[in-house]
Amino acid sequence: MDKESQNRLKHFAALKSKYQATQYQDSSPASLLYLILRKVDLGIELSDLELNWLQEHQLFETIEIIWLQQFKMGEFKRLEAEFSHLKAKYKVAKNWESSVGNVLYPILWKLDSENSLTDSEVKLLQDNNLTQTVAIVQDIKRFADLKNKYQATKYQDSSPDSPLYKILKELDTEMSLSDHEYEWLLNHELFEVIEIFEKQESARRAKVIQLKNKYQASQHPDTSLSGQLYQILQKIDADKKLIYSEIYWLEQQGLTNTIAIAEELERKREFIALKAKYKASQYQDSSPTSYLYTILKKLDSETHLNEQDINFLRQSQLPETIEIANDKYASILKSKIISGVVLSDLEVDWLRNNEYEDIIILAQHKHFAALKRKYRLAAPSLPLEPFYTIMVKLEKKERLDPKLVLQLMEENELYRGGEIALAYYRLEAEFYEQELGRTGHKWNIPTASGYWRKANEPEQALKLTNLDLNRVNNSNLKSAILVTRGAAFRDMDNLADAEICAKKAMEYQPDSHQPYTLIGAICYDQYNYEEGDCWFEKAIQRGAETEDIDAERKRVIKTTKDENKRHEAAEYLLKKDSQRYAWAKSYLKKSSEHGK
């Protein structure tokens, strides 16, 4: 006999012993009993044929053991099915361990049968992240509490899915029930619950009337608990802000007093919030009519508080509010500075009075940078003073100290002939024109005309000096007007009219050097240097300074556009007096370089 056959014989003998079938004599593995016992041992259900065979061979003890084993197997499957049902009912995740021996099974069984768990059992659910199950446990407990509270304990169903749970929650929040819900309570004979509901309804109706009276809406006929009016009045009473559609509905119903009350309450809420925001909560009055409310609204809208506002805050002992207001306004001014806006004198004074020196310094440097660009002062090392003060004065149309101007012209090339100088000359010209209009003093005419010329605006000088000299009595004044008018013509390269003015000026004041100086300069402009020198000599004889005449020669050569003529004039002067006119050598050099 081979080894496999021996093993089968041993296995068959063991099965017969296990299932008490040893009285069956046949020990061959080919016996039907061996097949039956093998199927039983593997948990496979027997057919009627196999059971009948066992009965025929009077193996009753074996049949009883098989029946008990199959009952246990069926019971195990039922337990598995029940556990699966409980897990689904109480929202246990599908990946949870499904063994019936798991600690979760008895907890769910207890929950399903007793509708309650101990704190430790609930904690176990929480520790295992069974949040949905815990929520159901809490709902079951709340349902039980609500049934006790509203005398509905005779209703057996404890599932949170029950319509009663929803109804009792609505009662607990004093919500009105629908007709369907009311009918459900009647059908289930929950009269105690109905009685409580009707008491609530009665109280709510009374509250509708109370709210209508309180918020001046009594004229409106609606007393419904589900109506729009009650919902709005409840919201007002709960100190909540109405939305636009609600205010519009009140307007449509003509309930203007109700709207006014709601708006008053909203302002009061806003006032309380503003007091908290701006450290003024110690101020007792919360009425929107309070002056403090107006102040805090201004502060919140970033409007600068005036002196009256600050005095009120000071008298009301609200130093923190003042500090917040000052810091906020200072921040606004700083933002203006950064964005390139120039602060007014009042704003700068406010910063100075409230000790915001750092912002004043920032304002000055920002303004200085802008003014330097405007007046074309590109030097990065240019000091703030005196240039900033000068440019600010020019911006304000304030006159400058002539001594300071002269000093700057002598010391600083950036100033002489630059935009600052031109602005200064323009300002002086305007001043003397205003003085002419104010006083009628005609000596202001040549003075203003001279400044217009220095400001590179000879057209304004011509406009000012275009008057009937027959109406001027003083000959010296006539001469001065003609000289400055002639010089303006010369500035515009109209040398013919310039010469006419100069010669007329000589007629009115033969002893004045100015007309002679003007004609000398005109001759130089016309490249008639020897004739010009004759006129210059006559000017010196009449009191002109030699240095001034030489300066005029130098200006003519410097401004000559024709390089050849400049060279010619320089050579003429060097030939005339090489030491006196040594400066002319530089123009010979420039001409030579230009020729290359």
Side-chain angles (χ1 to χ4, degrees), residues 397 399 402 405-406 421-529 531-553 555-556 559:
K397 302 292 185 181
R399 297 180 71 206
V405 173
L406 181 61
L422 294 178
Y424 164 71
Y425 293 139
R426 191 178 301 114
L427 195 60
E428 289 297 296
E430 290 171 350
F431 170 77
Y432 283 105
E433 277 202 32
Q434 290 168 1
E435 284 296 291
L436 173 64
R438 186 179 67 85
T439 64
H441 189 49
K442 289 186 171 55
W443 274 103
N444 287 308
I445 295 174
T447 305
S449 174
Y451 278 117
W452 279 125
R453 289 185 54 239
K454 289 179 180 180
N456 287 342
E457 296 187 44
E459 301 88 350
Q460 292 294 113
L462 290 177
K463 182 179 177 182
L464 179 63
T465 56
N466 185 19
L467 71 161
D468 183 3
L469 291 180
N470 292 324
R471 302 181 65 178
V472 177
N473 297 324
N474 189 306
S475 295
N476 292 346
L477 175 57
K478 289 181 181 181
S479 176
I481 292 173
L482 285 166
V483 169
T484 188
R485 183 173 176 80
F489 277 126
R490 180 178 171 236
D491 293 337
M492 298 177 68
D493 293 329
N494 187 346
L495 300 182
D497 285 339
E499 186 174 349
I500 291 171
C501 289
K503 289 182 177 179
K504 282 187 178 179
M506 290 178 190
E507 295 175 9
Y508 286 118
Q509 195 178 13
D511 296 331
S512 172
H513 64 81
Q514 290 177 337
Y516 295 89
T517 301
L518 176 58
I519 288 189
I522 292 170
C523 289
Y524 262 68
D525 289 335
Q526 296 170 332
Y527 317 122
N528 297 325
Y529 308 120
E531 184 180 351
D533 283 342
C534 290
W535 287 108
F536 282 147
E537 187 60 34
K538 291 179 181 180
I540 292 171
Q541 291 171 4
R542 286 165 176 75
E545 297 290 337
T546 302
E547 293 80 2
D548 292 339
I549 298 297
D550 286 349
E552 191 63 45
R553 288 187 175 103
R555 270 195 298 273
V556 172
T559 56

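Residue indices begin at 1 and follow the sequence shown.
Residue pairs meeting the side chain to side chain donor-acceptor pair (under 3.5 Å) criterion with at least one partner in residues 517-527, sequence neighbours excluded, are Arg490-Asp525, Tyr524-Asp533, Tyr524-Arg553. Among residues at least two apart or in separate chains, there is no ring pair (Phe, Tyr, Trp, His ring centres under 6.0 Å) pair with a member in residues 486-508. Sorted by first and then second residue, the salt bridge (charged side-chain N to carboxylate O under 4.0 Å, His left out) pairs with a member in residues 421-432 read Arg399-Glu428, Arg426-Glu457; sequence neighbours excluded. Identified under the salt bridge (charged side-chain N to carboxylate O under 4.0 Å, His left out) test for residues 474-485, with sequence neighbours left out: none. Applying the salt bridge (charged side-chain N to carboxylate O under 4.0 Å, His left out) test to residues at least two apart or on different chains, the pairs with a partner in residues 443-454 are Arg453-Asp491. The side chain to side chain donor-acceptor pair (under 3.5 Å) pairs that include a residue from residues 441-451 are Ser449-Thr484, where partners are two or more places apart or lie in different chains.
Counting heavy atoms from C-beta outward, Ile445 and Val472 have side chains that stay 4.5 Å or more apart. Side-chain atoms of Met492 and Glu459, non-hydrogen and from C-beta on, do get closer than 4.5 Å to each other. Considering only heavy atoms from C-beta on, Lys504 stays 4.5 Å or farther from Leu469 through its side chain.
Judged by distance alone, with hydrogens and angles left aside, the side-chain atoms of Tyr516 form no donor-acceptor pair with the main-chain N or O of Asp511 at under 3.5 Å. Asn528 places no side-chain N or O within donor-acceptor distance of the main-chain N or O of Glu531, the cut-off being under 3.5 Å. With Arg542 contributing its side chain and Lys538 its backbone, the two residues share a donor-acceptor pair below 3.5 Å.
Here the CG-CG distance, from Asn466 to Leu464, works out to 9.5 Å after rounding to the nearest 0.5 Å. One finds the CD atom of Glu499 at 9.0 Å from the CG atom of Leu518 (value rounded to the nearest 0.5 Å). Interatomic distance, Leu482 CG to Thr465 OG1, rounded to the nearest 0.5 Å: 8.5 Å. Here NZ of Lys397 is found 6.5 Å from CG of Leu427. Values are rounded to the nearest 0.5 Å.
In plain terms, the two heavy atoms of Gly520 and Phe536 that are nearest each other are C-CZ, 3.4 Å. The heavy-atom pair separating Val556 from Ala521 by the smallest distance is CG2-O, 4.3 Å. Of all non-hydrogen atoms in Pro515 and Ala505, the two that sit nearest each other are CG-CB, 3.7 Å. Scanning all heavy atoms of the two residues, the minimum distance from Ala502 to Ile519 falls at CB-CG1, 3.3 Å. Residue Ala498 comes nearest to Gly486 through the heavy atom pair CB-O, 3.2 Å, listed as atom of the first residue, atom of the second, then distance.
A salt bridge links Glu552 to Arg555: at least one charged side-chain nitrogen sits closer than 4.0 Å to a carboxylate oxygen.
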